[in-house]
Amino acid sequence: MSTRLSQLFVRTLREDPVDAEVASHRLLVRAGYIRRQAPGVFAWLPLGLKVRRKVEAIIREELDAFGAQEVLFPALLPKDPYEITNRWTEYGDGIFRLKDRKGADYLLAPTHEEVFTLLVKDLYSSYKDLPLSIYQIQDKYRDEARPRAGLLRGREFSMNDSYSFDYTDAGLALSYEQHRAAYERIFTRLGLEYVIVQADAGAMGGSKSEEFLHPTPIGEDTFVRSAGGYAANVEAFTTAAPAPMGFDSLPPAEVLETPDAPTIESLVALANSAHPRPDGREWTAADTLKNVVLALVSPDGTRELVVVGLPGDRDVDPKRAEVAFAPAEVEAATEADFAKNPLLVKGYIGPWVETGALLGEDSATGIRYLLDPRISDGTEWITGANIEGKHVFGLVAGRDFASDGVAEIANVTAGDEAPDGSGPVELARGMEIGHVFQLGRKYAEALGLKVLDENGKLVTVTMGSYGIGVTRVMAVIAEANHDEKGLIWPRNVAPFDVHVIAAGREESIFEVAQSLVESLESTGFDVLFDDRPKVSPGVKFGDAELLGVPLIVIVGRDAAAGMVELWDRASGERTSIPIADVAAALA
RNA sequence: CGGGGCGUAGCUCAGCUUGGUAGAGCGCUCGGUUUGGGACCGAGAGGCCGCAGGUUCGAAUCCUGUCGCCCCGACCA
């Protein structure tokens, strides 16, 4: 195949579109691959579509290779299936909803678990039909609060979503591994660097969950990894808790005057000046126990206060808190909350008073009290004495106070130990490009997907759910492969195999270029031919760099002598070779 | 949803302070000169100046309202 640039439906822009910030967005628009239609919604021009199709083809090949089968569900769906799983409500403003002429509710699907599950339920009822993996590549719709960064976070985006159906846990584990392995091959073929991180299973329910993240500073996810191979999304990071220690030899706790010290900073300063540690070491924020009052708002609207104790050098990570308390929403406690609980003295809150426990379900306040894993038995803390201007020093966990449980909501910092003992972690940003997930029986249960097993017993099917953001992946590839002049596609997804430029005015140059294009075409190459007459070489070179086909052939001044230049877009290197050698050089 | 900014030609923007009926560069069309890094000359096409209302003899410009868009943050299976 070949395409003449003079005929191609494209217009490159000399200047950056003003609304595009990130490189992929800027360049894909400027090079004429996509065009904005509405916030987060894009039209696909021929060049963009070609790249998108190539990404899709790789996904299809790898999924088909282990026996997954392609299907296609509509993007427009009735609300009923989503009512059953309560997601019609849970999604809130996040989905596009619409009504038909009769007033019936519909939605533009943000994801398709329900309909996949229901279709399998319709058709299958025996263990002999399983395992089954079916997938689609379909547009998804989410009414993002703020679409941004072009294709990276759109409201309409293409996604490959795949679902596995098994009737045993072992079967699910295998289906999961097959998808995971296929995804690894897909990203490798796409030339995309990725890190597989443990992920939080989140609102989807289910158990094992891993994300494929592409490390990039513009990524929206923060993840941690250790040199020893541990990797997790921060939301899924678990703290390595110190082993409990005995406290028989520790001195009793002591209430000391700490006027005007309602913050950790002021408390540490005051402790060092007024109440220095007997052994002379400085007190630090990590010696203090900070008690944060949070309000949890359940989906049904009930509001519960909870206090979380964490080392004073830590802050609450809002995302981790959301995960820890899901499905409840986490808010900061308000003045009204404090007014209702006069025993809580702002700035001096602690789990202990001389008369006994102040925090905890069985305490004076009855407020649930959770602790960061670092507050293990035998550790000593400075914390509020629940009296204005007083803190208690040497308060020992397990001896002087106890909790109702553990809360993983403290922020993660570089240098924290990985929970598997593989060393300290570093933090990095990543863009989620894929997700593999053992959904388990949640949806099958809710939607009644059961099959008869070997013993004639009805068993609930267990599912896996897997996704790759196709259009996002395309943007991430552009993000990872460009320079200041334009795009530089990896060969596997480039819109063309080679970009031939006729550089010059003589008729003979065009004739030589034309015959080269035809011969490459007959060899099986997909060729883009810049045949534009009266366009100067400079413009053609610039457009070639913008468009980003990785291999460019310039037919120019030496064409009559049978020589052309082979131009490597990525390195910028140009080599003069005989025309007859071009096909071989491209192979 | 909070903060900031912007709506004028396909794109990037000027004009608005101080009202007088629409501009530049790029792109596009025609003619000509150019042709290895975004060349030039000449002639053109193209605009409900986001929308509505108001003030005024007259509004892109002033006033009120409204809609939309972009960026940062919050949110984001």
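The sequence lines fix the lettering, A, B, ..., with proteins before strands; numbering per chain opens at 1.
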Note: for Lys540(A) and Glu506(A) on RNA chain B, the residue whose nearest nucleotide lies more 5' is Glu506(A)
For residues Ser133(A) and Gln178(A), is any side-chain donor paired with an opposing acceptor at under 3.5 Å?
no
Lys534(A) NZ to U34(B) P, straight-line distance once rounded to whole Å:
12 Å
With both distances kept under 3.5 Å, what pairs with A14(B), Watson-Crick or G-U wobble?
none
Can a side chain N or O of Arg557(A) be found less than 4.0 Å away from OP1 or OP2 on G36(B)?
no
Complementary nucleotide for C30(B) - Watson-Crick or wobble, under 3.5 Å
G42(B)
Arg505(A) vs Glu432(A), nearer the 5' end of RNA chain B by closest nucleotide
Arg505(A)
Under a 3.5 Å threshold, yes or no: a donor from one side chain and an acceptor from the other, between Glu210(A) and Tyr176(A)?
yes
Tell me the partner of U56(B), counting only Watson-Crick (N1-N3 plus N6-O4 or O6-N4) or G-U wobble (N1-O2 and O6-N3) with both under 3.5 Å; none if nothing fits.
none
Of the candidates C28(B), G36(B), G38(B), the side chain of Val539(A) sits closest to G38(B)
Please determine if a side-chain N or O atom of Ser536(A) lies less than 4.0 Å away from the OP1 or OP2 oxygen of G38(B).
no
Here the distance between atom P of C26(B) and atom CZ of Arg30(A), to the nearest Å, is 16 Å
Can you confirm whether or not the ring centre of Tyr183(A) sits under 6.0 Å from the ring centre of His435(A)?
no
Report, one pair per line, the protein and nucleotides 66-71 of chain B atoms (nitrogen or oxygen only) whose separation is under 3.5 Å.
residue : atom : partner  : partner atom : Å
C69(B)  : O3'  : Arg36(A) : NH1          : 3.3
C70(B)  : OP1  : Arg36(A) : NH1          : 3.3
C70(B)  : O3'  : Asp19(A) : O            : 3.4

Quick one about His179(A) and Ser164(A) (side-chain donor to acceptor, distance below 3.5 Å, no hydrogens or angles considered), yes or no?
no
What integer number of Å spans the C1' atoms of G15(B) and G23(B)?
7 Å
So what does Arg35(A) touch, heavy atoms closer than 4.0 Å: a base, only the sugar-phosphate, or nothing?
sugar-phosphate
Distance-only donor-acceptor check, side chains Tyr141(A) and Asp143(A), under 3.5 Å:
no
Does C69(B) pair with anything, Watson-Crick or G-U wobble, both distances under 3.5 Å, and if so, with which nucleotide?
G5(B)
Using distance alone, with no hydrogens and no angle criterion, decide if Thr575(A) and Glu573(A) have a side-chain donor and acceptor under 3.5 Å apart.
no
Cation-pi, Trp489(A) ring and Arg569(A) (6.0 angstrom, 45 degrees):
no
When both distances are under 3.5 Å in a Watson-Crick or G-U wobble arrangement, the nucleotide paired with U35(B) is none
